Chemist: 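Mind looking over this structure? Questions follow.
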Amino acid sequence: MNEIMQKNLQYKKYVIDSNLEYFKPHSTKIEKTFAEDVSYSLNRDSKFISPKYFYDKKGSELFEQICSLPEYYPTRTEIEILKKIKPELEGYLDVSFRLVELGSGSSVKTRLILDVFDKIQDRIEYFPIDISEILTESSELLQKDYADLHITGIVDTYEGGLEFIEKYDDKKNLIIFLGSSYGNFTPSEGKIFLKKINSIMKKDDLFLIGLDLVKNKDILEKAYDDSQGTTAKFNLNVLSRINDELDADFDLENFKHVAKYNEKDQRIEMYLKSLVNQSIIISKANISLKMAQDELIHTEHSHKYTLSQIESMMNQTDFEIKEIWMDEKENYSLSLVSKK
Ligand SMILES: C[S@@+](CC[C@H](N)C(=O)[O-])C[C@H]1O[C@@H](n2cnc3c(N)ncnc32)[C@H](O)[C@@H]1O
């Protein structure tokens, strides 16, 4: 057993070829965590399901469809900014950097950053981290287009992946966290998370984070409740996932997708609203759930920020801001930071 395997005993290693390998936690650990989390979060007066459980195969496919909806401005705006900043980003990188991505998903935007690496490196090292199996498919697609790419995928939570990276070796990392996924954290969780990233970063590492900006309520609510009903399907799919994986009997017809902007807390809040009085059994989580008509299950927060909030968030978590880039309409931002 090599040194990396010894350090990562909780993972199983899958070697696909000389340029592609994955590390995955043992499946019993994954199922147990899902059941325990669901049991905890649905057994409360204010029910919730963590947004990380949206992304089974179907959920990841639905998210990809959301990304190309006319109402969903974040993806196309982030792509627009990434295209614009390629030359500037290149100035911050050199041959010794490798790319680490939190919540890599389809790795579509990643390609814009890999293009920058490709210009300056003969062999690119990429470490995607994603809780969803979509990571394996995206990695295989990337390999077809980048001959000099070496991928080490970590199918795990952000935190698990960051610990993996911290123990891995001493090379410099550009860590990227796109899609405004950071907005799913509450402000206090977010601060803890930024501190975690900061603590695993080395002196010369860089961190690039995409954050959505405060804007008109109507634009925001349409982005999370589109006319084709794709976001509604995405939200409801988490109940199908619980049915499939935890042996439950949610009737999706008895729930409705709700997305509203909370101006005070600057966040989109997504819920699943019970349309009737109902009982649900979730066998593998060992719970029998009663829900009243109109009762809500909270499934996602998506926080929006002002520039001064971003600056103070970075300051408070010991980051130095190198750049904050935005699109022309100032709808979305990308911040490049390093350790103070
Ligand atoms: C909103 S999507 C963003 C995907 C891509 N980065 C983009 O910008 O389009 C969030 C991605 O993060 C993954 N994810 C969500 N919560 C996670 C968690 N706690 N740990 C690891 N990955 C997570 C999901 O599987 C999904 O692929």
Side-chain angles (χ1 to χ4, degrees), residues 11 22-25 29-30 33-34 37-38 41 48-69 72-83 99-114 126-139 141-142 153-165 174-186 189-190 192-194 196-197 200 207-212 223-224 230-231 234-235 237-238 241 259 267-268 270 299-304 332-334:
Y11 293 98
Y22 308 117
F23 287 86
K24 259 169 54 172
K29 180 191 159 204
I30 301 172
T33 314
F34 186 26
D37 282 359
V38 164
S41 65
F48 70 94
I49 301 171
S50 165
K52 69 177 175 226
Y53 293 119
F54 279 136
Y55 300 93
D56 64 349
K57 190 166 173 24
K58 178 84 185 152
S60 293
E61 282 166 13
L62 285 165
F63 181 73
E64 284 318 296
Q65 291 174 28
I66 290 174
C67 288
S68 36
L69 291 169
Y72 197 72
Y73 64 87
T75 304
R76 62 173 179 275
T77 313
E78 196 171 42
I79 289 175
E80 178 191 323
I81 305 172
L82 282 168
K83 282 185 179 160
L99 184 60
V100 174
E101 180 165 18
L102 299 169
S104 47
S106 63
S107 291
V108 167
K109 295 170 197 161
T110 320
R111 289 167 180 259
L112 296 164
I113 297 181
L114 287 173
Y126 174 48
F127 287 69
I129 297 167
D130 201 296
I131 201 164
S132 166
E133 295 278 338
I134 191 181
L135 183 153
T136 54
E137 286 166 34
S138 330
S139 297
L141 287 175
L142 281 179
I154 304 136
V155 184
D156 199 0
T157 59
Y158 305 134
E159 290 82 0
L162 284 169
E163 275 158 28
F164 182 103
I165 294 294
L174 167 64
I175 303 174
I176 61 174
F177 193 21
L178 304 178
S180 200
S181 298
Y182 176 82
N184 295 157
F185 294 122
T186 62
E189 288 166 352
I192 295 169
F193 190 67
L194 288 178
K196 167 94 191 168
I197 295 180
I200 72 120
F207 176 42
L208 180 71
I209 178 167
L211 295 168
D212 199 7
Y224 292 84
T230 311
T231 317
F234 173 74
N235 196 8
N237 179 63
V238 76
R241 179 177 186 183
R267 65 188 187 204
I268 283 284
M270 275 190 7
T299 50
E300 186 176 275
H301 284 146
S302 183
H303 286 84
K304 312 297 163 190
Y332 196 90
S333 70
L334 273 167

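Residues take their numbers from the sequence shown, with the count starting at 1. As a basis for the values below, the full set of heavy atoms in this structure was taken, side chains included, without hydrogen atoms, waters or symmetry mates. Source: prediction; values computed, not measured. Note that ligands are numbered from 1 as they come in the structure, with each ligand's atoms numbered from 1 the same way.
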Chemist: Which word best sums up how the rings of F234 and F63 line up, parallel for under 30°, tilted for 30 to 60°, or perpendicular for over 60°?
Modeler: tilted
Chemist: For ligand 1, which atoms have a heavy atom of T157 less than 4.0 angstrom away?
Modeler: 20 (N), 21 (C)
Chemist: K52 heavy atoms, cut-off 4.0 Å: which ligand 1 atoms fall inside?
Modeler: 16 (N), 17 (C), 19 (N)
Chemist: Just checking, any donor-acceptor pair under 3.5 angstrom between side chains of S107 and Y126?
Modeler: yes
Chemist: Give the residue and atom name of whichever protein heavy atom lies nearest to atom 27 (O) of ligand 1, and the separation in Å to one decimal.
Modeler: D130 OD2, 2.7 Å
Chemist: What atoms in ligand 1 come closer than 4.0 Å to a heavy atom of S181?
Modeler: 1 (C), 3 (C), 10 (C)
Chemist: Judged by non-hydrogen atoms, does D156 sit under 4.0 Å from ligand 1?
Modeler: yes
Chemist: Does H301 have any ring pair (Phe, Tyr, Trp, His ring centres under 6.0 Å) partners at least two apart in sequence or in another chain, and if so, which?
Modeler: H298, H303
Chemist: Counting non-hydrogen protein atoms only, what is the nearest one to atom 14 (N) of ligand 1? Give residue, atom name and distance.
Modeler: Y158 OH, 3.5 Å
Chemist: For ligand 1 and C67, I'd like to know whether there is a polar contact (N/O to N/O, distance under 3.5 Å).
Modeler: no
Chemist: Starting from atom 4 (C) of ligand 1, locate the nearest protein heavy atom and write down its residue, its atom name and how far away it is, to 0.1 Å.
Modeler: G103 O, 3.5 Å
Chemist: So how far is it from N184 CG to R267 CZ, rounded to the nearest 0.5 Å?
Modeler: 11.5 Å
Chemist: Could you list the atoms of ligand 1 found under 4.0 angstrom from a heavy atom of G105?
Modeler: 27 (O)
